[in-house]
Amino acid sequence: MLDIQQLRSDLDHVTRELAKRGFAFPADAFNALEAERKIVQTQTQELQAQRNSASKKIGQAKSKGEDVTAIMAEVAHLGDALKAAEDHLEQIQQQLQKILLEVPNLPHTTVPEGKDEIHNVQIRRWGESRTFDFAIQDHVSVGEGLALLDFETAAKLSGARFSLMKGGLARLHRALAQFMLDTHTQEHGYVETYVPYLVNRDSLRGTGQLPKFEADLFSVHAGSGPTEGQEKLPDYHLIPTAEVPITNMVRDTIVPLEALPLKFVSHTPCFRSEAGSYGRDTRGLIRQHQFDKVELVHIVHPDQSYEALEQLVGHAEKILQKLELPYRVMALCTGDMGFSATKTYDIEVWLPAQNTYREISSCSNCEAFQARRMQARFRGENGKPALLHTLNGSGLAVGRTLVAVLENYQNADGSVTIPAALKPYMNGLDQLGSSGGK
RNA sequence: GGAGAGAUGGCCGAGUGGUCGAAGGCGCUCCCCUGCUAAGGGAGUAUAGGCUCAAAAAGCUUAUCGAGGGUUCGAAUCCCUCUCUCUCCGCCA
């Protein structure tokens with residue numbers, strides 16, 4: 001959520017900045033509502049002040065045993081007018097709030113301007129893509145060839161966009177997550193967290209998924225759910241990313257200055273309905289309703305958030321370096337960034353079968369956008385509470401990392417070499433072969 | 001699932017219709033006193049808004065005692081709904 005003060009004082013600038021990311025701010029509607037709000041709020045508060053002082057007088061008079069019917073009469077007519085004014089004000093505030101909650105964050109000045117991903121800018125590249133002297137297979141063929149990846153059965157169990165892994169592949173998937181968690185906790189100073197996978201609406205509003213992106217979420221009703229014909233909001237939503245529960249840990253809290261920065265890591269499944277992505281990446285593990293991710297979150301002092309963003313990206317990159325997987329880091333352009341971000345780096349891993357780089361991590365600074373929604377604050381140097389800055393990034397998407405390993409480490413005979421960094425997590429196993437790596 | 005108790009400021013805790021944004025204590029800040037890391041005295045110490053103002057300062061004002069609604073001229077206090085916490089019973093990985 002943007003700062004309403006900034007919208008009031010600097011609307012042209014804000015509108016221009018939002019246009020860069022393809023968002024048309026309803027400036028006229030906003031201005032009209034603001035003008036009305038000002039009048040109605042002043043009027044409401046005036047009536048409240050009258051009522052308060054009259055009531056006070058009644059109290060004083062009564063305690064002295066005086067007759068109060070005169071003052072009572074004076075205040076009698078206030079009731080209806082006050083009620084009407086309060087309702088009107090409430091209605092205006094709600095409309096303003098509705099607008100505000102659906103406005104995306106402003107892009108940082110260093111973000112390249114552009115409409116879509118073709119305008120993203122490569123920041124750096126790491127590693128050399130391996131040359132293959134045989135016809136390479138994509139990860140689906142590799143996994144199915146080893147009889148360790150089974151989309152057909154997954155479809156029977158659940159439907160499209162679900163997967164089933166077995167044997168050494170399931171183990172490798174687990175190994176990746178463990179390896180990432182260990183690296184981030186032991187080398188990068190993150191606190192490991194285990195979090196709820198079902199969250200309430202307040203949390204989703206806090207990080208920006210609600211109210212705008214409900215269609216992307218899976219919702220859950222407790223027990224038998226709403227009865228016939230009855231509208232009832234879902235009790236919970238499945239988390240689309242661990243960013244939601246982790247970041248919301250500081251919702252409605254004031255973090256002591258000396259506790260900053262907070263750095264959390266969590267390995268969770270993520271659930272996305274992928275509404276609006278029909279036909280995209282239908283083959284394989286790339287786009288699933290359920291996938292695992294190791295998520296990194298920083299909660300920091302506002303002065304330090306851009307420094308933290310660079311660190312965060314570096315921590316995610318470190319995983320790919322250790323796995324010896326080639327990647328590049330992209331600065332997303334204004335039009336390609338997510339709702340809550342001021343600045344985002346995507347890390348894209350090399351997928352030889354697609355002959356391209358694919359997103360495997362997305363690291364964003366949200367500045368105070370989420371903190372404002374969450375009322376997540378710290379007590380500043382002057383003793384006053386101020387909004388924190390929040391950042392999040394994947395470190396990494398486990399399923400997609402598995403894809404990268406399968407494709408980059410495949411061999412001519414259909415086996416897959418285990419990256420050296422993962423061997424300790426694979427009981428010393430060298431490769432996934434026809435034995436299935438049991 | 002059943003029965004009961006509770007939710008007040010940074011913390012503890014009083015307050016059951018009227019100068020209550022809230023006693024008292026602790027903590028913290030400043031000042032005074034005190035010949036030494038003690039004791040004492042005094043003052044201050046919530047948050048988010050709105051309006052006036054070029055702005056700052058300042059002033060005026062509103063809201064907030066778990067959340068939302070209601071009763072009332074007036075609600076921390078009374079009524080209703082919800083959430084959460086605790087205790088006991090049941091069930092359970």
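Chain identifiers are assigned alphabetically (A, B, ...) following the order of the sequence lines, protein sequences preceding nucleic acid strands; residue numbering begins at 1 within each chain.
- Across the C1' atoms, B:rG90 and B:rA22 are found 42 Å apart, a figure rounded to whole Å.
- The separation of B:rC84 from B:rA67, taken at their P atoms, amounts to 15 Å, rounded to a whole angstrom.
- B:rA55 and B:rG69 have their P atoms separated by 34 Å, with the value rounded to a whole Å.
- Proximity note for A:Gln41 (side chain, C-beta onward) versus B:rG18, B:rG49, B:rC51: the nearest is B:rG49.
- Atom P of nucleotide B:rG10 and atom NZ of A:Lys384 are separated by 12 Å, given to the nearest angstrom.
- A straight line from CZ of A:Arg379 to C1' of B:rC11 spans 13 Å, rounded to a whole angstrom.
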_What verdict does the side chain to side chain contact (heavy atoms under 4.5 Å, CB included) test give for A:Phe291 and A:Arg272, after you've listed the backbone C-alpha separation in whole Å, the side-chain angles of each residue and the deciding distance to 0.1 Å?_
CA-CA 9 Å; A:Phe291 63 95; A:Arg272 298 187 183 175; 3.8 Å; yes
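- Within 4.0 Å (heavy atoms only), A:Arg372 reaches no atom of the nucleic acid at all.
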Which donor-acceptor pairs under 3.5 Å do side chains of residues 255-268 of chain A form with protein atoms, sequence neighbours excluded?
unit_1   : atom_1 : unit_2   : atom_2 : d
A:Lys263 : NZ     : A:His188 : O      : 2.7
A:Ser266 : OG     : A:Thr193 : O      : 2.7
A:His267 : NE2    : A:Asp292 : OD2    : 2.8

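- Applying the salt bridge (charged side-chain N to carboxylate O under 4.0 Å, His left out) criterion to A:Glu34, with sequence neighbours excluded, gives A:Arg8, A:Arg37.
- Applying the side-chain hydrogen bond (donor to acceptor under 3.5 Å, both in side chains) test to A:Asn31 and every residue at least two apart in sequence or in another chain returns nothing.
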*Per-nucleotide protein contact string for nucleotides 59-69 of chain B (B base, S sugar-phosphate only, - none; heavy atom under 4.0 Å)*: --SSS------
*Test side chain to side chain contact (heavy atoms under 4.5 Å, CB included) on A:Thr185 and A:Val191 and set out the steps.*
CA-CA 6 Å; A:Thr185 54; A:Val191 174; over 6 Å; no
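- Taking the salt bridge (charged side-chain N to carboxylate O under 4.0 Å, His left out) definition, one finds that A:Lys343 meets it with nothing, sequence neighbours left out.
- Residue-level contact check: A:Gln5 touches the backbone only, with heavy atoms under 4.0 Å from sugar-phosphate atoms and none from bases.
- Heavy atoms only, all atoms of each residue included: A:Gln209 and A:Pro240 are closest at CG-CG, 4.1 Å.
- Here the separation of B:rA75 from B:rG1, taken at their C1' atoms, is 35 Å to the nearest Å.
- No side-chain heavy atom of A:Pro419 sits less than 4.5 Å from a side-chain heavy atom of A:Asn408.
- To the nearest angstrom, C1' of B:rG18 lies 12 Å from CD1 of A:Ile71.
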*Check the pair A:Val199 / A:Asn248 against side chain to side chain contact (heavy atoms under 4.5 Å, CB included), numbers first and verdict last.*
CA-CA 10 Å; A:Val199 293; A:Asn248 273 280; over 6 Å; no
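- At whole-Å resolution of the value, CG in A:Leu100 and C1' in B:rG49 are 14 Å apart.
- In RNA chain B, consecutive stretches of 3 or more Watson-Crick or G-U wobble pairs with both distances under 3.5 Å are given as paired ranges: B:1-7 with B:83-89, B:10-12 with B:24-26, B:27-32 with B:40-45, B:46-52 with B:58-64, B:66-70 with B:78-82.
- Nucleotides B:rG42 and B:rG24 place their P atoms 12 Å apart, quoted to the nearest Å.
- Here the separation of B:rC53 from B:rG59, taken at their C1' atoms, is 10 Å to the nearest Å.
- Between A:Ser163 and A:Gln288, the side chains place a donor N or O and an acceptor N or O closer than 3.5 Å (distance only, hydrogens not considered).
- Between the P atoms of B:rG17 and B:rC12, the separation comes to 26 Å (whole Å).
- Taking the nucleotide of RNA chain B with the nearest heavy atom to each of A:Arg37 and A:Lys62, the more 5' of the two is matched to A:Lys62.
- One atom, CG of A:Asp252, and another, P of B:rC84, lie 15 Å apart when rounded to the nearest Å.
- Nucleic acid contact for A:Lys38: sugar-phosphate only, since backbone atoms but no base atoms lie under 4.0 Å from a heavy atom of the residue.
- No side-chain heavy atom of A:Glu36 sits less than 4.5 Å from a side-chain heavy atom of A:Gln95.
- For the P atom pair drawn from B:rG70 and B:rC89, the interatomic distance equals 41 Å after rounding to whole Å.
- When the nearest nucleotides of RNA chain B are assigned to A:Pro385 and A:Glu34 by heavy-atom distance, the more 5′-ward of the two goes with A:Pro385.
- Taking atom CE on A:Met72 and atom P on B:rG17, their separation rounds to 17 Å, with Å as the unit.
- Between the P atom of B:rG49 and the CG atom of A:Leu7 lies a distance of 14 Å, rounded to the nearest Å.
- Between A:Asp3 atom CG and B:rG49 atom P the separation is 8 Å, expressed in whole Å.
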